[in-house]
Amino acid sequence: MMTGKSAPRRLSIFGSTGSIGQNTLNVVDHLGGRENFEISVLTGNGNVELLARQAKLSGARLAVTANDRHYESLKSALSGTGIAVASGKSGLMEAADREADWVMAAIVGTAGLAPTLAAARRGADIALANKECLVSAGDLFIAAIREGGGKLLPVDSEHNAIFQVLEESQRHAVERVILTASGGPFRTASLRDMADVTVETARAHPNWSMGLKISIDSASMFNKALEMIEARHLFSLRPEQIEVIFHPQSIIHSMVGYSDGSVLAQLGAPDMRTAIGYALSFPRRSNLPVERLDFAKLARLDFEAPDEVRFPALRLARLAMTRGGVQGAVLNGAKEVALEAFIEGRLSFLAMAEVTERVMDDLAGLPPAAAMDDVFAADREARQRAAELMTLAIAE
């Protein structure tokens with residue numbers, strides 16, 4: 001009996017113009033492009049030219065700019081192509097409602113919360129690259145995944161590594177997960193030196209070329225703090241089961257320790273296409289165009305325990321996990337305001353954690369979130385309180 005070729009898999013890429021989105025389209029092309037995949041939706045923000053080009057090349061059914069001001073430009077760029085155009089929050093929700101089997105959730109910040117949650121409730125498999133979904137709304141998001149029945153596929157390299165080596169049949173034996181961190185530019189810096197850190201030194205990551213905010217988050221370890229909270233929700237862990245270790249070579253992406261003393265690690269050249277390809281092809285592995293490790297050239301792999309006095313963000317992550325509720329949203333919102341103040345020269349590098357902790361303490365009594373509006377309210381309150389604290393400090 002002859003069987004026909006299966007229908008192309010329908011994909012939506014939220015945040016297609018960012019680094020994760022661009023790498024996702026690269027992987028899609030490598031794995032057969034339109035022959036194997038149908039692009040239902042692409043969304044972007046201000047880079048309308050790139051979004052339009054991506055939509056044309058991929059044959060997307062709908063292109064959405066999150067910024068209403070760019071609607072006419074996007075509509076003009078796609079005129080005559082048959083590709084539908086939308087914009088703003090309503091456009092992102094329209095994107096979430098479009099039929100897709102697999103959704104790359106790579107919209108940066110809280111703007112990605114509502115559409116990703118809606119796509120999860122609809123039952124799509126979610127390839128998660130948006131930190132806020134789990135940091136700020138972890139309980140709601142996990143509930144939405146269960147309600148929809150889709151799979152949650154982590155794309156951050158650390159969580160994807162754990163996903164690859166955490167054996168479902170052995171969950172009862174998981175003792176700990178170990179998130180690796182490069183250590184950033186201040187891995188060996190003294191506390192005295194860190195008191196005088198500038199934006200330029202904080203953004204100078206030794207391993208990666210990244211955007212300004214994520215580079216500073218990496219330097220302060222706030223990025224790793226958020227990953228700790230994500231790991232708790234992704235893998236149903238207790239706070240004390242989550243460890244962080246500095247690994248400057250960034251070859252081991254994370255590890256899982258089991259009760260028999262075994263530690264399983266995922267290794268690979270630093271390339272986001274590995275994690276994206278694994279999430280796209282799961283449970284199979286695909287042939288990807290990434291560098292293969294040459295162990296003879298590696299020479300050494302170093303590890304070092306992080307100092308939570310110099311990197312208090314890690315301690316704040318544990319505090320947020322222990323308190324639960326909306327403390328993740330509070331931590332993230334306060335941190336964002338403190339980060340902006342550091343970039344603008346109104347706050348020192350080390351004071352970012354001090355402000356964040358003060359806000360977390362002040363808002364420790366907020367009730368758990370029953371709906372997304374509660375998460376947004378906690379985020380707004382945290383940002384407002386952080387701004388007030390900095391204003392008071394300047395006045396004093």
Side-chain angles (χ1 to χ4, degrees), residues 19-20 22-24 26-31 127-129 153-171 173-189 204-210 214-215 218-219 221 223-224 227-228 230-231 234-235 237 241-307 311 314:
S19 174
I20 296 292
Q22 292 182 59
N23 275 309
T24 301
N26 178 277
V27 171
V28 167
D29 285 342
H30 179 76
L31 296 180
L128 189 64
L153 306 164
V155 172
D156 271 356
S157 59
E158 294 82 1
H159 302 114
N160 187 267
I162 294 167
F163 185 61
Q164 291 192 42
V165 298
L166 199 162
E167 302 171 342
E168 278 297 323
S169 63
Q170 301 298 326
R171 273 190 175 267
V174 173
E175 282 189 341
R176 57 182 176 151
V177 301
I178 306 159
L179 299 169
T180 57
S182 70
F186 308 128
R187 177 173 59 87
T188 60
H205 197 284
N207 293 6
W208 323 118
S209 176
M210 305 181 290
I214 192 170
S215 294
S218 179
M221 289 296 130
N223 194 49
K224 199 59 53 178
E227 289 175 9
M228 292 169 68
E230 288 183 274
L234 278 167
F235 307 112
L237 300 168
Q241 289 180 288
I242 304 167
E243 301 177 13
V244 173
I245 193 79
F246 284 160
H247 169 49
Q249 290 86 4
S250 299
I251 295 299
I252 295 178
H253 299 301
S254 279
M255 299 170 269
V256 177
Y258 291 92
S259 57
D260 63 356
S262 298
V263 177
L264 302 189
Q266 188 266 337
L267 289 72
D271 191 324
M272 281 306 304
R273 291 176 297 177
T274 299
I276 293 167
Y278 189 77
L280 184 58
S281 301
F282 182 80
R284 300 178 67 250
R285 290 183 184 270
S286 297
N287 188 341
L288 298 173
V290 300
E291 178 187 348
R292 271 49 174 174
L293 286 182
D294 184 335
F295 284 90
K297 290 182 179 179
L298 285 179
R300 59 187 289 174
L301 298 175
D302 296 312
F303 304 94
E304 178 185 340
D307 176 4
F311 299 105
L314 303 178

Does atom [atom1] of [X] have more than 12 heavy-atom neighbours from other groups under 6.0 Å away?
{"X": "Arg292", "atom1": "CZ", "result": "yes"}
{"X": "Arg171", "atom1": "CZ", "result": "yes"}
{"X": "Arg176", "atom1": "CZ", "result": "no"}

Sub-3.5 Å donor-acceptor pair from the side chain of [X] to the main-chain atoms of [Y], do we have one?
{"X": "Arg273", "Y": "Val290", "result": "no"}
{"X": "Thr180", "Y": "His253", "result": "yes"}
{"X": "Asn160", "Y": "Pro154", "result": "yes"}

Euclidean distance, [Y] [atom2] relative to [X] [atom1], rounded to 0.5 Å:
{"X": "Gln266", "Y": "Ile252", "atom1": "CD", "atom2": "CD1", "value": "9.5 Å"}
{"X": "Asp302", "Y": "Ile251", "atom1": "CG", "atom2": "CD1", "value": "11.5 Å"}
{"X": "Leu267", "Y": "Gln249", "atom1": "CG", "atom2": "CD", "value": "11.0 Å"}
{"X": "Leu301", "Y": "Ser250", "atom1": "CG", "atom2": "OG", "value": "10.5 Å"}
{"X": "Phe163", "Y": "Phe282", "atom1": "CZ", "atom2": "CZ", "value": "4.0 Å"}
{"X": "Leu153", "Y": "Ser281", "atom1": "CG", "atom2": "OG", "value": "10.5 Å"}

I'd like to check [X] versus [Y] (side-chain heavy atoms, cut-off strictly below 4.5 Å). Are they in contact?
{"X": "Met221", "Y": "Phe246", "value": "yes"}
{"X": "Glu167", "Y": "Tyr258", "value": "yes"}
{"X": "Glu227", "Y": "Asp156", "value": "yes"}
{"X": "Glu291", "Y": "Asp271", "value": "no"}

(request) Walk me through it: do Glu243 and Met255 pass the test side chain to side chain contact (heavy atoms under 4.5 Å, CB included)? (result) CA-CA 10 Å; Glu243 301 177 13; Met255 299 170 269; over 6 Å; no
Between [X] and [Y], what is the shortest heavy-atom contact and its length?
{"X": "Val27", "Y": "Gly277", "value": "CG1-CA, 4.0 Å"}
{"X": "Leu288", "Y": "Thr274", "value": "CD1-CA, 3.9 Å"}
{"X": "Phe311", "Y": "Ala219", "value": "CE2-O, 3.4 Å"}
{"X": "Ser182", "Y": "Arg187", "value": "O-CD, 3.5 Å"}
{"X": "Pro306", "Y": "Val244", "value": "CD-O, 3.2 Å"}
{"X": "Ala127", "Y": "Ala279", "value": "CB-CB, 4.3 Å"}

(message) I'd like to know if the side chain of Asn26 pairs up with that of Gln22 as donor and acceptor (distance under 3.5 Å, no hydrogens or angles considered).
(response) no
(request) Please step through side chain to side chain contact (heavy atoms under 4.5 Å, CB included) for the pair Thr24 and Met272, ending with a clear verdict. (result) CA-CA 9 Å; Thr24 301; Met272 281 306 304; over 6 Å; no
(message) If you apply the rule side chain to side chain contact (heavy atoms under 4.5 Å, CB included), what do you find for Val256 with Val177, and how did you get there?
(response) CA-CA 4 Å; Val256 177; Val177 301; 4.2 Å; yes
(message) Can you classify the ring geometry of Phe303 versus His247 as parallel (below 30°), tilted (30 to 60°) or perpendicular (above 60°)?
(response) parallel
(message) Is the ring pair His159/Phe235 parallel, tilted or perpendicular, if the boundaries are 30 and 60 degrees?
(response) tilted
(request) Output, in order, the C-alpha distance, side-chain angles, deciding distance and verdict of side chain to side chain contact (heavy atoms under 4.5 Å, CB included) for Ser286 and Leu280. (result) CA-CA 9 Å; Ser286 297; Leu280 184 58; over 6 Å; no
